[in-house]
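Starting from 1, each residue takes its place in the sequence as its number.
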Amino acid sequence: MVRTTWGDVPVELRTKVEDVLGGRVVGATSQPGGYSPGGADRVVTETGIRAFVKTLSRARNPDGFAFHEREARVVSALPSGVQAPRLRAALTADVDGDRWIALVLDDVEGHHPGLARDGSDVTAVLDALHTLPRATGDLADLPHAGPDLAPEIAAWDRMLADGLPDVVPAEVARDAPAFAVAARTAAAAVDGEHLVHLDCRADNLLVDQDGVVWVVDWPWAGIGAHWLDPLTYLLDTLVRGEDVDVEHHLSSHPVFAGLSSDSVDAVLAGLAGMFLEKAAMPAPPAMPTNRAFQRAEGLAAAAWLQRRGGRN
């Protein structure tokens with residue numbers, strides 16, 4: 001995947017960004033990581049103002065364009081207590097029959113968690129996610145995770161009926177019937193009343209110089225169980241090969257208080273099926289690496305569930 005850079009953005013849109021920032025952009029550094037072909041640039045103006053600017057052409061990725069529009073609506077509604085960069089402006093420009101969008105956000109100078117691969121910042125991430133509030137006000141209109149995810153986390157039943165795809169290895173296939181049973185309660189398990197990010201991976205988190213974790217990239221936000229993002233972040237540490245005792249965090253961090261073992265098993269089963277089913281599909285436009293990542297997510301969820309003995 002090749003990201004759009006600041007120089008690729010049409011002059012018309014760059015000018016609008018500069019008007020918001022009050023000065024000409026004299027430096028732009030494209031940020032690596034993520035799975036979008038859009039631009040992700042830390043910019044600085046001639047007067048020293050810094051911002052993080054996400055840009056995308058609708059023609060290049062229509063779905064991604066819609067995600068940017070949705071993220072703008074979500075971030076503008078986040079309460080001040082949520083550790084997320086402030087949205088300064090959402091801008092569009094029509095150029096040569098194509099529409100471009102730019103989200104101008106506060107710049108957070110930091111790094112993604114997990115760089116040390118030793119789990120040293122997992123607690124800080126969980127602490128940040130523990131601050132996500134109940135969804136009220138404008139956030140109350142967000143979709144509910146349970147009903148929204150229900151069709152996707154029923155993937156094992158579909159795959160078993162149609163024949164398991166080649167992306168499911170033999171060591172996972174043998175437990176597929178049990179995973180299907182466990183996953184049938186996942187949608188009910190993730191129901192709740194809290195704001196949830198629903199895409200909680202290291203590349204959507206930043207750790208600043210004070211060790212504070214900031215949550216970025218909000219297009220998938222919804223309403224659900226308070227522990228759902230923390231659980232998916234623990235899964236992400238396994239996907240990336242961090243040395244993390246995920247079961248210790250499940251049993252000790254307050255964000256997981258009251259969470260039943262059956263609910264964990266159900267959600268891991270549902271996630272494993274969802275990701276593996278997606279991994280068997282053709283790659284989406286301009287995102288050729290997405291399916292390999294989804295397979296890694298699915299296999300990590302299945303392996304964690306097997307270690308837990310979640311094969312009723």
Side-chain angles (χ1 to χ4, degrees), residues 83 112-134 145-146 149 152-153 156 171-172 175 178-205 207 211-213 215 220 222-276 294 296-312:
Q83 285 296 124
H112 297 307
L115 294 182
R117 291 291 187 268
D118 61 0
S120 55
D121 45 23
V122 170
T123 297
V125 171
L126 299 181
D127 289 346
L129 297 175
H130 196 22
T131 68
L132 296 190
R134 290 184 178 274
L149 290 174
E152 294 190 311
I153 54 184
W156 285 116
E171 63 271 19
V172 174
D175 291 323
F179 288 175
V181 172
R184 288 170 194 158
T185 61
V190 301
D191 196 16
E193 300 300 327
H194 275 76
L195 171 68
V196 286
H197 181 273
L198 292 178
D199 198 20
C200 203
R201 306 185 311 265
D203 57 300
N204 288 334
L205 299 161
V207 185
V212 175
V213 172
V215 186
W220 298 102
I223 301 171
H226 189 42
W227 49 264
L228 179 56
D229 288 330
L231 181 68
T232 58
Y233 181 73
L234 292 183
L235 175 60
D236 184 57
T237 67
L238 299 179
V239 174
R240 292 181 286 104
E242 277 200 72
D243 183 14
V244 176
D245 185 346
V246 290
E247 293 294 330
H248 166 74
H249 289 288
L250 274 179
S251 64
S252 62
H253 197 281
V255 76
F256 297 114
L259 174 59
S260 72
S261 181
D262 286 347
S263 291
V264 175
D265 290 348
V267 174
L268 290 177
L271 291 174
M274 179 185 76
F275 282 122
L276 289 172
Q294 288 168 334
E297 288 263 17
L299 294 179
W304 185 4
L305 182 55
Q306 287 172 323
R307 289 193 300 274
R308 287 175 55 82
R311 295 175 285 172
N312 301 321

Are any of the side-chain heavy atoms of [X] and [Y] separated by less than 4.5 Å?
X: Leu132; Y: Val196; value: no
X: Leu305; Y: Asp265; value: yes
X: Val264; Y: Phe256; value: no
X: Val181; Y: Trp156; value: no
X: Leu129; Y: Cys200; value: yes
X: Leu126; Y: Val213; value: no
X: Thr232; Y: Leu228; value: yes
X: Leu238; Y: Arg307; value: yes

Would you kindly say whether Asp118 and Ser120 are connected by a side-chain donor-acceptor distance under 3.5 Å? yes

Pairs satisfying side chain to side chain donor-acceptor pair (under 3.5 Å), at least one member in residues 123-132, at least two apart: Asp127-His253, His130-His226

State whether the side chain of His112 and the backbone N or O of Leu205 hold a donor-acceptor pair below 3.5 Å, judged by distance alone.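 Flag set: sc His112 to bb Leu205 pair under 3.5 Å.
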
Name all residues meeting the salt bridge (charged side-chain N to carboxylate O under 4.0 Å, His left out) criterion together with [X]; count only those two or more places apart in sequence or in a different chain, and write none if there are none.
X: Arg134; result: none
X: Glu247; result: Arg308
X: Asp229; result: none

Testing the basics here: between [X] and [Y], what is the closest heavy-atom pair and its distance to 0.1 Å?
X: Ala272; Y: Gly298; value: CB-O, 3.6 Å
X: Val190; Y: Trp227; value: CG1-CH2, 4.3 Å
X: Ala300; Y: Val239; value: CB-CG2, 3.6 Å
X: Ala266; Y: Ala186; value: O-CB, 3.4 Å
X: Tyr233; Y: Glu242; value: OH-OE2, 4.0 Å

Applying side-chain hydrogen bond (donor to acceptor under 3.5 Å, both in side chains), name anything that partners Gln83, two or more places apart in sequence or on another chain.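 With sequence neighbours excluded, Gln83 shows a side-chain hydrogen bond (donor to acceptor under 3.5 Å, both in side chains) to no residue whatsoever.
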
For Arg117, what residues pass the side-chain hydrogen bond (donor to acceptor under 3.5 Å, both in side chains) criterion, not counting sequence neighbours?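 Arg117 satisfies side-chain hydrogen bond (donor to acceptor under 3.5 Å, both in side chains) with no other residue.
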
Roughly how far, to the nearest 0.5 Å, is CG of Leu234 from NE2 of His249? 6.5 Å

Would you find more than 12 non-hydrogen atoms of other residues, nucleotides or ligands less than 6.0 Å from Trp220 atom CH2?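 12 or below, so no.
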
